[in-house]
Every structure is written in C-alpha cells, then in structure tokens.
Amino acid sequence: MKITDLLRKDIMILDLQATEKEAAIDEMIESLNRSGILTDVAEFKDAILKREAQTSTGLGDGIAMPHAKNKAVKEPTVLFAKSKKGVEYESLDGQPAYLFFMIAVPEGGNNTHLETLAALSRQLIEKEFVDQLKDATTPEEVQALFAEEQEQVEKEDSKDEQQVGGKPFVVAITACPTGIAHTYMAEDALKKKAKEMNVDIRVETQGSEGAKNTLTEEEINRANAVIIAASKKVDLARFNGKHVIQRPVADGIKKSEELITKAVKQDAPILHSDGNEQKADDMEDKANSIWGRIYKDLMNGISHMLPFVVGGGILLALSFLFESVLGSDSETFIFLNEIGGNAFNFLIPIFAGFIALSIADRPGLMPGMVGGLIAVNSNAGFLGGLVAGFLAGYVVLLLRKVLRGLPKSLEGLKPILLYPVLGLFFTGILMYFVFGPIFATINTAMVDFLQNLGTGNAVILGVILGGMMAIDMGGPFNKAAYAFSIGIFTDTGDGSLMAAVMAGGMVPPLAIALASTFFKRKFSEEERKSGVTNYVMGLSFITEGAIPFAAADPLRVIGSSVIGAAIAGGLTQFFNTAIPAPHGGIFVIPLAENAIYFLLSLAIGAVISALLLGVWRKPVQ
C-alpha cells in the first residue's frame, strides 16, 4: 500500500476556511463523511478530540496531523487540507498550522497502513517538500509530490546499511504513546541529522505495530551511546554499561543535533542494571529533578497500594454492614471481614516496597516490603511505611555504589545474594532500632491528637483536606490529602477524614455537571455534552472528570471547585459523618455513618461551586 492509495484526491481541501482548531477538525471530518468514509461522525470526532487532549497533534513548522483509530472508520484514509490564513491549532511551537493530514484508521485493521503512515511522517521532515505542498494548487499535484517523495525515500532506505569505517556510530529508540506520527518523525529527524553530521546511526522504532528495525546486540556493543527519544516506558536492561540519553520524543524531532552531539561525545550517564532495569538519569531532563523523582517514587507506591485499599476497604465496610444486620457470628460477616482484613494487612508493605522498587528497581522491592511490615508491627503506621520505602530504596542504591568495585567474577552474586541480604539487613536494623520507634511515637501522638480534636478543629481539618482534593484534581495536592486520610484510616479504622476527602473529590465534577446544565449559555455544546458525563464521574468519586474544564478555564473552574470542596469537607466533620471505605463514591454511601448528612454536605458544596462557576463564567460567543 502506497501513500497515494490512502491520500484520496476527492476529499482534499485546498482552501480550509476555519481559523480555529475545533472548527478546522469539523471541516475535515465533514469532508470524510461526505465521501462515505465514516459511519458515525460524533464518535470519530470524539476519538480525535481525545487524542488532542493527550498532546496536541500540531507538530510545529505549520503542520498538524490529527489522527484516530476508531470503529466509525470504514477504510484507512488520509485527508490532506491546506489553509491560506493559518489555524490556531495549539501547535507544539505555538505557531499557526497551514498543512493538515487527518488520518482515519479502522479499529482492528492490519498494520500495512501504519507502515505507510510512518512513511508519511518521515516525508514531512523535508522543508523543501513541505514548501512544495504549500504551493500546490490541485489534488493531482499533491499526489504527484507524494509519489515522487515516496520513491526517493525508498531509494534512501535501500542504502541504509551501517558503515563501520572510522565514523562515530550511535543507536537510538524512538517511541510515542500512540506510535503513529511522532515515533517516525523522530526516527527520520535523527537519521537526516546524523547524515549531515557524518555519523552512522541505527534507529529502532517502537510504534503501534510493535518494534521495527530492532537493534542487535552487536550494534549496541559497538555504539558510542544510546539515544532514547521516547514519551513512554522503554526497556533499558539491554543497554547495561552504555551511555544512555533519555529525552521526550519531541526532542528527537526538534533537538536531534543536540542529542547526536551528546551521544558522540558520550556526554551522558552510564546505565548500570545489575540484571535489573535501572534508569540512567539525564541531569538535563527536568522531569528527573530531585522533587520530581521523589514524587514519582511516592506515586509508584500509592498506585500499587490503591487496589488493596479499595478492595480491602470496601469489603471490610460491607462486613460491618452485615455484622449490624446478622450479628458478629454470621459466616458472611466473618468471611468478608477476613478477606478484607487480609488485603488491608498488605497496604503498608506494598506501599513501601513499590516506593523502593521505583528508586532501586527490583533489588529494592523485598527490603522495602519487609521494612513496611516492620513499620506495621512497630505501630509506626503509614508514615513509618513511607520512610521504610525511601530508606530501603536508597540503601540499595548505596550498596550499588559500594559494591561497584567488586571483581567481575562476583557480579552474578549481587542480585541473588548481596543485594537481598545486605539490603534487608541494613533496612531492617535501621527500621527496627531507629525509625520504627521514632515514627511509632509520632504516629501515636498524631492519632491521639486527631481523635481528641474538638468540633471546630475537626471542621478546619476537613476544610483543608476537602479543598486540597480540588486544587489539582489528581495531582500532588490531591494525592497528599488522599494519602493522609488513608494513613489515618488504616491506623485507626476511623473513616471521618475519608468522608472529607471523598466529598471534596466529588464536588468538582458534580459542580461542572450542574453548572453546564443550568447555565447553558456559559458553555459550548461540546462542553454541555461532556458536562453530562461528569454526573457519573462525580458520583463515582472520579475527580479527574473535571480536568478538561480546569485546563480550559483554570481560574474560574479551580477557584469555584476549591471553595465548594472545602465547604463540603468541613461540613462532613461538622455533621460527624464517616465513610469506612476509601473509594466508591455514591456506591458506598449506604456504609457511611450519618449518610444523610454526608449527602447534604456534598450537595451544599456542589451547588455552591456550580453557582459560583455559573455566575463567574462569561457567556459563550
């Protein structure tokens, strides 16, 4: 299948009228629909917009490539469109887009068309070719340009054999979340820049059809360095001992010369995997700042702990419900209480273990989990588990440095003997004799303080936790409030603070749903449609449903949400409500203490936020 087979002349738009992003998307989709390529316009547009919400497909340099793989598409098609005035497309370089390629792919189709789309992405790197497209006046001329360029690309690919001569040699991997456009544009940018710099390069692409041009062991061994231009997880274990540069896939497109220069000079950290994957931190990567890494490690622990929290917590709460009806001798109560309790017993060890895993890879997992268990047994609680995870991770990293000078004959002993034994010993001794007792004292004092809070102080704490849930809607503040309430819940079994954070997290999506329903003039048609789904997300305690609205109008949406969430969180404490389950939203309300008052608190907070947002927002033009 050639590009000209997908790039149909009858659907091209050579004078796109729209000047705004969504209007341009609508105009292109309408052309696809007129030609019978789509079965459901709304479904396909929804898929396109969801892809845009991840990262703008405005690639920069005046080019945009909106794409979706969806069951509403009958056959793989590429629509070419050209704008004379330019479209404000939220491109990566902030400049208007003039050339558009809307890629429509059927769901479940084979990968032949994906290879063709990869070729399309590569061709758009050539500035001369792009300029010729901008000057084209007929569909036939556009197709002829692509046919000529495709022939040239095929000739270059046939010559793409590596030379061993005295030239520098680097290897690279390119990958993006969807694996259609950016993956191959980064590949081609690196290849072309390497050719200009007289550097040999081999690029492995990890696109939607899997890995292509897979690097061989011999190529990796003789390479000066490895470039990872990827915006998704890439397995690094095979690059042990090599200089590894890690950057987002966009850097592979825009900063190819910089990456190749660093690779040739070996200006990058060496990866040490010790049989386990370990990231080679590039100090220029802002995502790997100290606080960024700490947050990533903490989130790794929380994300792996959450299934135990939710599953165990809800089953425990159900067991108490059956106990109140059937009595403590009921087999149903005993069964649910047993399995829910067993899940809860894993919370802190799992939390600590996966923090350590994020820091030190697999050698950190076992000492982290045991350190978490020591925290449980010493009554150090959630805070003790937090310390155990970071302690175990950095103990193993320290061991890596200390043992780096061992003879090569002993390398095999590190992962199977030295790291497990020494990592566990030093983590255990520090937790048992130092941090366990210290944090047991802190944990006991904190629990006593919270249990003896007067109503006024409890309300203030509820206001703070509820407001934090709405500040960033799933970000660090939200996670900090949620983790704090889980820690108190696991230590005491008291669900009062869970009620505060649950109400605070449910308010933003519910408020948006209410505002878009009752203040219709303040929301576009698309926003009103999305607003309806926020009823379900809000009732299910999925705060993230409000994120698209907050991203589009942060001051008004976040401001009104924080006020309503803080009020709801404070009211849950004023009414002495409690929810003995860490998740579930409306579905766990029957398990709540003073459930009617919890619903009242939630309703008041959501209505106040909705009114503020509805009044504050300007009417849609």
Side-chain angles (χ1 to χ4, degrees), residues 301-351 372-373 376 381-382 385 447 450-451 462 465-466 469 478-479 481-507 509-510 535-545 568-569 571-573 575-603:
I302 289 177
S303 64
H304 284 88
M305 176 191 71
L306 278 180
F308 295 86
V309 174
V310 175
I314 290 179
L315 290 181
L316 269 178
L318 283 172
S319 75
F320 298 140
L321 182 63
F322 280 103
E323 182 187 27
S324 65
V325 176
L326 303 176
S328 59
D329 294 330
S330 162
E331 188 69 24
T332 304
F333 160 70
I334 295 172
F335 165 71
L336 291 173
N337 190 267
E338 183 75 13
I339 59 174
N342 284 335
F344 247 49
N345 290 337
F346 282 99
L347 292 187
I348 294 175
I350 289 290
F351 176 60
L373 188 60
V376 174
F382 195 76
V447 170
L450 291 172
Q451 289 179 334
L465 291 175
M469 291 297 290
N478 176 287
K479 290 293 189 291
Y482 189 58
F484 176 76
S485 64
I486 286 176
I488 300 303
F489 182 45
T490 56
D491 289 341
T492 66
D494 182 359
S496 58
L497 295 182
M498 288 306 315
V501 298
M502 194 173 291
M506 293 168 74
V507 162
L510 286 176
Y535 281 113
V536 177
M537 300 184 84
L539 292 174
S540 303
F541 185 30
I542 302 175
T543 315
E544 287 81 356
L571 288 174
T572 61
Q573 304 307 291
F575 292 130
N576 293 318
T577 66
I579 295 183
H583 215 289
I586 197 72
F587 304 105
V588 296
I589 298 304
L591 310 175
E593 296 176 24
N594 297 323
I596 297 298
Y597 286 107
F598 175 85
L599 292 173
L600 178 62
S601 304
L602 176 63

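- Residues I302 and V309 fail the side-chain proximity criterion, which asks for heavy atoms closer than 4.5 Å.
- Rounding to the nearest 0.5 Å places CG of L599 at 8.0 Å from CE of M506.
- With a 6.0 Å radius and a threshold of 12 heavy atoms from other residues, nucleotides or ligands, I334 has its CD1 atom above the threshold.
- Contact check for M305 versus I348: no side-chain heavy atoms found under the 4.5 Å cut-off.
- The line from CG of L315 to CD1 of I339 is 5.0 Å long, rounded to the nearest 0.5 Å.
- One distance of note links CG of D494 with CD1 of I488; it measures 9.0 Å at 0.5 Å rounding.
- Taking 4.5 Å as the limit, some side-chain heavy atom of Y482 sits within range of a side-chain heavy atom of L306.
- In this structure F598 satisfies the ring-ring contact (aromatic ring centres under 6.0 Å, His included) test with no other residue, sequence neighbours excluded.
- With rounding to the nearest 0.5 angstrom, the CG atom of L497 is 8.0 Å from the OG1 atom of T492.
- To the nearest 0.5 Å, atom OH of residue Y535 and atom CG of residue L510 are 8.5 Å apart.
- Between H583 and F541, the angle of the ring planes lies from 30° to 60°, which puts this pair in the tilted group.
- Screening residues 306-337 for ring pair (Phe, Tyr, Trp, His ring centres under 6.0 Å) gives F308-F346 as the qualifying pairs, with residues at least two apart or on separate chains.
- When all heavy atoms of A343 and G312 are compared, the pair lying nearest together is CB-CA, 3.7 Å.
- Summarising the geometry, atom CD1 belonging to I314 is positioned 10.5 Å from atom CD1 belonging to I579; distances are rounded to the nearest 0.5 Å.
- Residues L571 and L600 are not in side-chain contact: their nearest non-hydrogen atoms beyond the backbone lie 4.5 Å or more apart.
- Counting heavy atoms from C-beta outward, V588 and M502 have side chains that approach closer than 4.5 Å.
- The list of side-chain hydrogen bond (donor to acceptor under 3.5 Å, both in side chains) pairs with a residue in residues 326-351, not counting sequence neighbours, reads S319-N337.
- Among residues two or more places apart in sequence or in another chain, the side chain to side chain donor-acceptor pair (under 3.5 Å) test is passed with T577 by none.
- Nearest approach of P580 to A592, heavy atoms of both residues: CD-CA, 4.1 Å.
- Pairs of residues two or more places apart, or lying in two chains, never qualify as side-chain hydrogen bond (donor to acceptor under 3.5 Å, both in side chains) while including a residue from residues 587-598.
- Partners of S540 under the side-chain contact (heavy atoms from CB on, under 4.5 Å) rule, at least two apart in sequence or in another chain, are V536, I542, F587.
- In plain terms, the two heavy atoms of P509 and G538 that are nearest each other are CG-CA, 3.4 Å.
- Of all the heavy atoms in F489 and A581, the pair that sits closest is CZ-N, 3.9 Å.
- Between S485 and V501, the shortest heavy-atom contact is OG-CG2, 3.4 Å.
- P349 approaches V376 most closely through the heavy-atom pair CD-CG2, 4.1 Å.
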